[in-house]
Undergrad: 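Take this structure, written in structure tokens, and hold onto it; I'll ask about it next.
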Protein chains: 2
Amino acid sequence: MNGRLDNTENRHLKERKVLDRIKSIPLPAIRRYPSYLRRLKKYESEGVLWISATTLAEDLSLSSILVRKDLACTGLEGRPKYGFPIEPLICAIEKSLGWDNATDAILVGAGNLGTALMGYGGFTQYGLKIIAVFDSDPLKIGEMIHGVKILDIEKTADFIARTKIPMAVLTVPAAYAQLIAMKLSDAGIKGIWNFAPIKLKLSNDVIIQRVDLASSFAELSSRLKK
Amino acid sequence: MNGRLDNTENRHLKERKVLDRIKSIPLPAIRRYPSYLRRLKKYESEGVLWISATTLAEDLSLSSILVRKDLACTGLEGRPKYGFPIEPLICAIEKSLGWDNATDAILVGAGNLGTALMGYGGFTQYGLKIIAVFDSDPLKIGEMIHGVKILDIEKTADFIARTKIPMAVLTVPAAYAQLIAMKLSDAGIKGIWNFAPIKLKLSNDVIIQRVDLASSFAELSSRLKK
DNA sequence: ATTCTATCGATATTTAATTATCGAATACAA
DNA sequence: TTGTATTCGATAATTAAATATCGATAGAAT
């Protein structure tokens, strides 16, 4: 086999592999990506240019093999003895998550939790841009919350239909969550990040992601028991 | 083999198995327990006495085999054709989680997130009892928050040392989280439920459970991308 | 009384995720 | 220039979790 043929074959093989990867990054890897990002951005801000999977793994108390595999899923190639170039790596991970282009979203429920989330700061880092907040409380409507105006919850459906906003953060009390979620779904929302402690039942074409504090606490309880 | 001998052997076998189970309920099962509990309590409130793994599974969109296996881990035995008795099942799950006896805890950081959590209501359901809240803001100290008094954060260490409180809910801004966590650790806290978006570094005898909103959002993003 | 059906629990089997192994590449030092 | 240490990436092995299969049991229907 001569070098030329070999290269061509390798390139095709590589391209196919990259495609395969994009389609199927394991969920646990996806969940680890944000912590990689946080750490990488910290390094970047300190002027570091290269990072090895080994170092990153140590920082995050993970196995280096695991980290290397996770990074491989982004399609970016590392360099022996050096590791990965930080800035392209950040871009590659963000792209894998779809965080490279900001997603517009609305937040429904301007109570303590909603307010806390708006002030969390991290949202923009996640490529999430809250462009409107909705609440039912007449005292809140018209007020500003971290730079975004609070609108009447009755106008949510109109707003979604008009702006084609794909995503909603749902921070209303549990008792209202199902009803409001159905309205969001009817209005054409694509994804709901649900902070209410109930399982929403909607048509399958709406993606629902629930933040389940009880699960997290259950894990803590069981670890404390031992 | 006669019946008597058989029974004795079976009992021993069963006891050993129960012990094994308690030691090693798989983490994914632990994480599912709270959703089982929620649903079971709803049934209980409706006067239902028995529930089958099949029904519970359908309600929660899980495989019935998975649910049956999870329930088996509690040590409670089901009854063919009937399923499991609801009330004992609730107790068995709560016991497996250590939620049968309330754990006293403090909450550190009475901002929006802390306030939201105090109002969440679910805490008592999880066997978690917040007996004091701490904050550094002089305007907040002395105020009440959902029936609990806000104390000066400087007094946290004393409080922990005096009351032997095992657990803390940490809802302070990310910038202060590490420092405060170290103080909690020094004061003798056993477990920290960390809501700040950073990885705390403490001695290994403190159990840290982080609520990582970014992970959850990463999952949503990647599912929306498809 | 007998058959039928829903359910359990135990034991495979399959699938997914993590960890281990090893050869190849490359910077750096001797 | 050569040797060494470090890292990568590919493949293999292991572990953990989810799913499937099947016999046993007990209530309900015939």
Undergrad: Which residues satisfy the side-chain hydrogen bond (donor to acceptor under 3.5 Å, both in side chains) test with A/D205, sequence neighbours excluded?
TA: A/S203

Undergrad: Scan nucleotides 14-16 of chain D against the protein and return all N/O pairs shorter than 3.5 Å with their distances rounded to 0.1 Å.
TA:
none

Undergrad: Take the protein atom CG of B/D70 and the nucleotide atom P of D/dA18, then report the distance between them rounded to whole Å.
TA: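 These atoms are roughly 7 Å apart.
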
Undergrad: Looking just at side-chain N and O atoms, do A/Y33 and A/D70 make a donor-acceptor pair shorter than 3.5 Å?
TA: no

Undergrad: Report the distance from atom CH2 of A/W50 to atom C1' of C/dA25, rounded to the nearest whole Å.
TA: 13 Å

Undergrad: Using whole Å, what does the distance between atom P of nucleotide C/dT18 and atom CD1 of A/I30 come to?
TA: 12 Å

Undergrad: What protein N or O atoms touch nucleotides 4-8 of chain D N or O atoms at under 3.5 angstrom, if any, and at what distances?
TA:
unit_1: D/dA5; atom_1: N3; unit_2: A/K81; atom_2: NZ; d: 3.3
unit_1: D/dT6; atom_1: O4'; unit_2: A/K81; atom_2: NZ; d: 3.2
unit_1: D/dT7; atom_1: O4'; unit_2: A/K81; atom_2: N; d: 3.4
unit_1: D/dC8; atom_1: OP1; unit_2: A/A53; atom_2: N; d: 2.9
unit_1: D/dC8; atom_1: OP2; unit_2: A/R68; atom_2: NE; d: 2.8
unit_1: D/dC8; atom_1: OP2; unit_2: A/R68; atom_2: NH2; d: 3.0

Undergrad: Grab the CD1-C1' distance between B/I65 and C/dT11 for me, whole Å please.
TA: 13 Å

Undergrad: By the ring pair (Phe, Tyr, Trp, His ring centres under 6.0 Å) test, which pairs, at least two apart or in different chains, include something from residues 63-89 of chain B?
TA: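 Those involving residues 63-89 of chain B are B/W50-B/Y82.
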
Undergrad: Write out all pairs satisfying ring pair (Phe, Tyr, Trp, His ring centres under 6.0 Å) with one or both partners inside residues 201-226 of chain A, taking only residues at least two apart or from two chains.
TA: A/F217-B/W99, A/F217-B/Y126, A/F217-B/W193

Undergrad: Within residues 31-47 of chain A, which residues have any heavy atom lying less than 4.0 Å from an atom of DNA chain C?
TA: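 A/R32 - these, ordered by number, are the residues of the stretch whose heavy atoms sit under 4.0 Å from the strand.
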
Undergrad: Within this structure, what is the CG-CG distance for the pair A/L202 and A/N194, rounded to the nearest 0.5 Å?
TA: 9.0 Å

Undergrad: Taking atom P of C/dT21 as reference, at what distance in whole Å does atom NZ of A/K69 sit?
TA: 15 Å

Undergrad: Rounded to whole Å, please give me the gap between CG in A/L62 and C1' in C/dA17.
TA: 14 Å

